[in-house]
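Contents: one structure, followed by commentary.
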Amino acid sequence: MSENYRNPLLTIDIIIELGGGEIVLIERKNPPHGWALPGGFVDYGESVESAAVREAKEETSLDVKLTEQFYTYSDPSRDPRHHTVSTVFIASAGGVPQAADDAIAARPFGQNNLPSPLVFDHARILRDYFHFKQTGRRPKP
């Protein structure tokens with residue numbers, strides 16, 4: 001194998017539903033700056049499900065219940081720092097999000113009041129999610 005061989009990095013993102021059509025977004029402390037779904041890198045030896053629960057707690061202080069795996073996004077340009085592949089989960093939680101770890105803010109938003117800028121490909125993910133909630137149709141590969 002070539003010593004220049006590289007693999008995409010495995011990540012997760014979580015769409016945390018609070019009820020009333022609101023979801024939780026975080027404002028990132030680290031570049032790229034802007035608003036994002038809670039999420040992060042899967043640690044070696046960790047399942048994507050465990051990583052999703054861990055990252056949600058670390059960034060929003062919420063205990064989430066994963067309800068379903070939504071979709072996997074893998075466009076090589078989705079993250080300006082690296083080629084990442086993200087499995088996106090839908091989760092439910094109660095309570096008030098509190099920013100922690102590498103988030104400087106964590107707040108609920110509805111479809112019609114999303115903040116700007118949304119970083120990575122999270123605008124696309126949220127378009128797909130809200131379309132799914134309205135129609136029951138998931139993105140197609």
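Residues: numbered from 1 along the sequence shown.
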Are the side chain of [X] and the backbone of [Y] linked by a donor-acceptor contact shorter than 3.5 Å?
| X | Y | answer |
| --- | --- | --- |
| H122 | L37 | yes |
| Y71 | S86 | no |
| T84 | L10 | no |
| T67 | I90 | yes |

Inset, instruction - For L118 and I125, run side chain to side chain contact (heavy atoms under 4.5 Å, CB included): C-alpha distance rounded to whole Å, both residues' side-chain angles, the deciding distance at 0.1 Å, then the answer. - result: CA-CA 10 Å; L118 289 168; I125 293 171; over 6 Å; no
Grab the two heavy atoms, one from [X] and one from [Y], that are nearest each other, plus how far apart they are.
| X | Y | answer |
| --- | --- | --- |
| G34 | V119 | CA-CG1, 3.7 Å |
| V64 | A93 | CG1-CB, 4.0 Å |
| A52 | I14 | O-CD1, 3.4 Å |
| S74 | V85 | CB-CG2, 3.9 Å |
| I104 | A99 | C-CB, 3.6 Å |
| P108 | E22 | CB-OE1, 3.7 Å |

Inset, instruction - Return yes when atom NZ of K29 has more than 12 non-hydrogen atoms of other residues, nucleotides or ligands closer than 6.0 Å, and no otherwise. - result: yes
Got [X] and [Y] here, is their nearest side-chain heavy-atom distance under 4.5 Å?
| X | Y | value |
| --- | --- | --- |
| P76 | P8 | no |
| F70 | P139 | yes |
| K57 | D63 | yes |

Inset, instruction - Identify the residue among H82, R81, H83 that makes a side chain to side chain donor-acceptor pair (under 3.5 Å) with D79. - result: R81
If I take atom [atom1] from residue [X] and atom [atom2] from residue [Y], how far apart are they, to the nearest 0.5 angstrom?
| X | Y | atom1 | atom2 | result |
| --- | --- | --- | --- | --- |
| F130 | I23 | CZ | CD1 | 4.0 Å |
| D128 | R138 | CG | CZ | 11.0 Å |
| W35 | L126 | CH2 | CG | 12.5 Å |
| Q69 | E49 | CD | CD | 7.0 Å |
| I16 | L62 | CD1 | CG | 5.5 Å |
| E46 | E55 | CD | CD | 7.5 Å |

Is it the case that one hydrophobic cluster holds both [X] and [Y], taking links as side-chain heavy atoms less than 4.5 Å apart, direct or via other members?
| X | Y | value |
| --- | --- | --- |
| V24 | F89 | yes |
| Y129 | V48 | no |
| F132 | I15 | yes |

Inset, instruction - Indicate yes or no: does D43 engage R54 in a salt bridge with an N to O separation below 4.0 Å. - result: yes
Legend entry - Presence of salt bridge, R28 and D102, under 4.0 angstrom: no
Legend entry - Between Y73 and D13, a side-chain donor and acceptor under 3.5 Å: no
